[in-house]
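Structure record follows, encoded as structure tokens.
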Amino acid sequence: MVDDRAAGIAAFIEPLRVEPGTKVHLAEDFDPGYKAGIRKKKEGVELLRGGIELLADYQRRLAAQDTYGVLVCLQALDAGGKDGTIRHVMSGVNPQGVSVSSFKVPSDEELDHDYLWRYACRLPRRGEIGIFNRSHYEEVLVVRVHPENLERQKLPEAARGPDVWERRYREINQWERYLTDNGFKVVKLFLNLSKEEQRARFLKRIDVPERNWKFSAADVRERARWDDYQRAFSQMLSATSTQWAPWYVIPADHKWFGRVCAAAVLGHTLIEIDPQYPQVSDRTRRDLAKVRRELERQAPEGAASDPYAESAGKPKKRGRSGGKG
Ligand code: ATP
Ligand code: MG
């Protein structure tokens, strides 16, 4: 049953995976409107509910085992739905086991360090799921599309040459390899939005007063660089989808479907980790039994020696001997 479910999830996410070593042309290879044949949003919502439960269960085990950590990198174009994806997909998990870090234009302090420094500072702990809302991939996306960002990074001459992007791809791959080898799985999701759906979402941000705060003129300026971003995304996906940390291109035109996919990819990773609750030794178990007997002896007059056993249908009242009579 569990294996069937795992196989179903693996098959569901397979078309979204960027096969390591292949060359991606986003526009031709991945359809932002793909729905895997699911016609009704209601069906998708049902699937998402199942996914959220699965994530909650696995996250409890991940935290209890305290050996592996998971880093989720979320990349998208503006209005791609990063915030909504985080809100919905993580809605069932214990907030204590999750951290979310959003990366904006780097601060002076951040620019005083190497380009991966600020991301390394926000990595999840063991037992935790860390979400990067934008990630180290901005260093080969916005920084590439707007080279003035590279100028601000105070790099030595030799590190600014034309090979800078190839070198960054290699360094990022190696960094992720290092993290994976040390127990931190890296899950990479690119929310793939169509240009037309982005236009519709921007219009909604203008028309719906509750969404006005989300509208940014800068986003519309970035839209003018659509083709440059598509190229940068395609090159990034081609160069940094690896066996240890593959990219998944999430169809994002239907928000509900994108969320199902994001939950499925994260679920797949947790299933692969298969975290287990720690087992106690026989000796500890014997000590626990001793403590249990002592706690039962401490039950007050008339109270169940074990109220939980009672509520589970096994009444175990302590006798009235020694009472007032
Ligand atoms: P929201 O949904 O709130 O708009 P957001 O992630 O778009 O979320 P913003 O504050 O609107 O947040 O934008 C952050 C900006 O920071 C983006 O334009 C992004 O490209 C930019 N940014 C992120 N990392 C870097 C970087 N390393 N160098 C330069 N700009 C960066
Ligand atoms: Mg923004």
Side-chain angles (χ1 to χ4, degrees), residues 26 71-90 99-123 130-155 159-160 164-165 167-169 171-172 175-176 188-193 195 197-237 239-240 250 252-253 255 258-259 262:
L26 252 190
L71 171 65
V72 181
C73 301
L74 257 188
Q75 287 295 154
L77 278 153
D78 294 305
K82 290 183 279 108
D83 290 356
T85 301
I86 297 170
R87 207 169 54 243
H88 283 83
V89 171
M90 304 311 286
S99 65
V100 182
S101 305
S102 301
F103 295 99
K104 317 262 176 187
V105 177
S107 66
D108 287 346
E109 189 192 13
E110 288 167 346
L111 289 171
D112 268 340
H113 292 267
D114 63 278
Y115 74 96
L116 287 178
W117 178 77
R118 67 171 180 163
Y119 309 98
C121 289
R122 312 299 286 272
L123 287 170
I131 300 175
F132 279 3
N133 180 359
R134 298 186 188 269
S135 68
H136 47 293
Y137 283 99
E138 290 295 328
E139 304 296 335
V140 290
L141 292 167
V142 67
V143 179
R144 184 168 194 176
V145 173
H146 298 282
E148 60 274 21
N149 288 310
L150 195 65
E151 292 300 311
R152 279 192 215 110
Q153 293 190 351
K154 308 185 191 178
L155 293 165
R160 272 190 259 158
V164 58
W165 312 117
R167 188 165 49 73
R168 285 193 174 192
Y169 293 147
E171 288 161 352
I172 287 172
W175 188 54
E176 291 177 355
K188 303 189 299 202
L189 307 176
F190 166 55
L191 305 183
N192 186 29
L193 187 72
K195 197 172 184 186
E197 179 61 20
Q198 189 194 53
R199 189 176 74 90
R201 289 186 191 176
F202 282 168
L203 285 172
K204 208 161 184 180
R205 288 179 179 186
I206 294 170
D207 292 344
V208 180
E210 292 78 19
R211 296 199 188 190
N212 284 170
W213 67 277
K214 275 231 145 201
F215 181 80
S216 142
D219 290 355
V220 178
R221 280 199 298 278
E222 288 305 276
R223 178 175 164 81
R225 305 293 300 273
W226 182 270
D227 291 342
D228 297 329
Y229 272 106
Q230 292 287 303
R231 205 170 309 120
F233 274 114
S234 297
Q235 291 181 347
M236 172 203 84
L237 293 167
T240 60
I250 306 294
D253 274 8
K255 287 181 181 173
R259 289 164 191 166

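Just so it is clear, the values below take in all heavy atoms, side chains as well, and ignore hydrogens, waters and symmetry mates. Atoms within a ligand are numbered from 1 in the order they appear, just like the ligands themselves. One-based numbering along the sequence shown.
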* Give a yes/no on ligand 1: does Lys82 have at least one heavy atom closer than 4.0 angstrom to it? => yes

* Is atom CG of Asp207 surrounded by more than 12 heavy atoms (other residues, nucleotides or ligands) closer than 6.0 Å? -> yes

* Asked: What are the atoms of ligand 1, with element, lying closer than 4.0 Å to any heavy atom of Phe103?
  -> 23 (C)

* **Given Gln75, Arg144, Lys104, the one that forms side-chain contact (heavy atoms from CB on, under 4.5 Å) with Glu138** => Gln75

* **Neighbour count >12 (heavy atoms, 6.0 Å) for atom NZ, Lys204** => no

* Which heavy-atom pair separates Ile131 from Ile86 by the least distance, and what is that distance? -> CG2-CD1, 3.9 Å

* To do: Using a strict 4.0 Å cut-off to heavy atoms of Asn149, name the atoms of ligand 1 that fall inside it.
  => 29 (C)

* Asked: With backbone taken as N, CA, C and O and side chain as the heavy atoms from C-beta onward, which portion of Val142 lies under 4.0 Å from ligand 1: side chain, backbone, both, or neither?
  -> side chain

* To do: Just need the protein heavy atom nearest to atom 9 (P) of ligand 1, so name the residue and atom and give the distance.
  => Lys104 NZ, 3.8 Å

* To do: List every atom of ligand 1 that sits less than 4.0 Å from any heavy atom of Asp83, numbering the atoms from 1 in the order shown and giving each element.
  => 2 (O)

* **Interatomic spacing from CG in Asp228 to CD in Glu222 - rounded to 0.5 Å** => 9.5 Å

* Looking at atom 4 (O) of ligand 1, what's its closest protein heavy atom, distance included? -> Asp219 OD2, 4.8 Å

* Does the pair Glu197/Arg201 count as a salt bridge with the N-to-O cut at 4.0 Å? -> yes

* So is Arg205 in contact with ligand 1, going by heavy-atom distances below 4.0 Å? -> no

* Identify, for atom 16 (O) of ligand 1, the protein heavy atom at the shortest distance, and state residue, atom and that distance. => Val105 N, 3.2 Å

* Structure fact -> Nearest non-hydrogen protein atom to atom 20 (O) of ligand 1, with distance, is Glu138 OE1, 3.4 Å

* Could you tell me whether His146 approaches ligand 1 through its side chain, its backbone, both or neither, with non-hydrogen atoms closer than 4.0 Å? => neither

* Taking the non-hydrogen atoms of Pro106, is any one of them nearer than 4.0 angstrom to ligand 1? -> yes

* To do: Determine yes or no for a side-chain-to-main-chain donor-acceptor pair under 3.5 angstrom, with Asn192 supplying the side chain and Ile250 the backbone.
  => no

* Asked: Can you find a protein heavy atom closer to atom 2 (O) of ligand 1 than 4.0 Å?
  -> yes

* To do: Measure across Tyr119 and Glu139 and return the closest heavy-atom pair with its distance rounded to 0.1 Å.
  => OH-OE2, 2.7 Å

* Numbered atoms of ligand 1 (with element) below 4.0 Å of Lys214, judged on heavy atoms -> 2 (O)

* Structure fact -> Within the 4.0 Å heavy-atom cut-off, what Val143 brings close to ligand 1 is side chain

* atom 11 (O) of ligand 1 touched by protein (heavy atom, under 4.0 Å) -> no

* Asked: Do Arg122 side-chain atoms and Ser102 backbone N/O form a donor-acceptor pair below 3.5 Å?
  -> no

* In terms of the angle between their ring planes, are Phe103 and Phe132 parallel, tilted or perpendicular, with boundaries placed at 30° and 60°? -> perpendicular

* Numbered atoms of ligand 1 (with element) below 4.0 Å of Arg118, judged on heavy atoms -> 24 (N), 25 (C), 26 (C), 27 (N)

* Are Arg134 and Asp78 close enough for a salt bridge, meaning some N to O gap below 4.0 Å? -> yes

* Give the residue and atom name of whichever protein heavy atom lies nearest to atom 6 (O) of ligand 1, and the separation in Å to one decimal. => Arg134 NE, 2.6 Å

* With heavy atoms of Glu139 as the reference, note each atom of ligand 1 found under 4.0 Å away. => 27 (N)

* To do: Taking all heavy atoms of Leu116 and all of Ile172, pick out the closest pair and write down the distance.
  => CD2-CG1, 4.4 Å

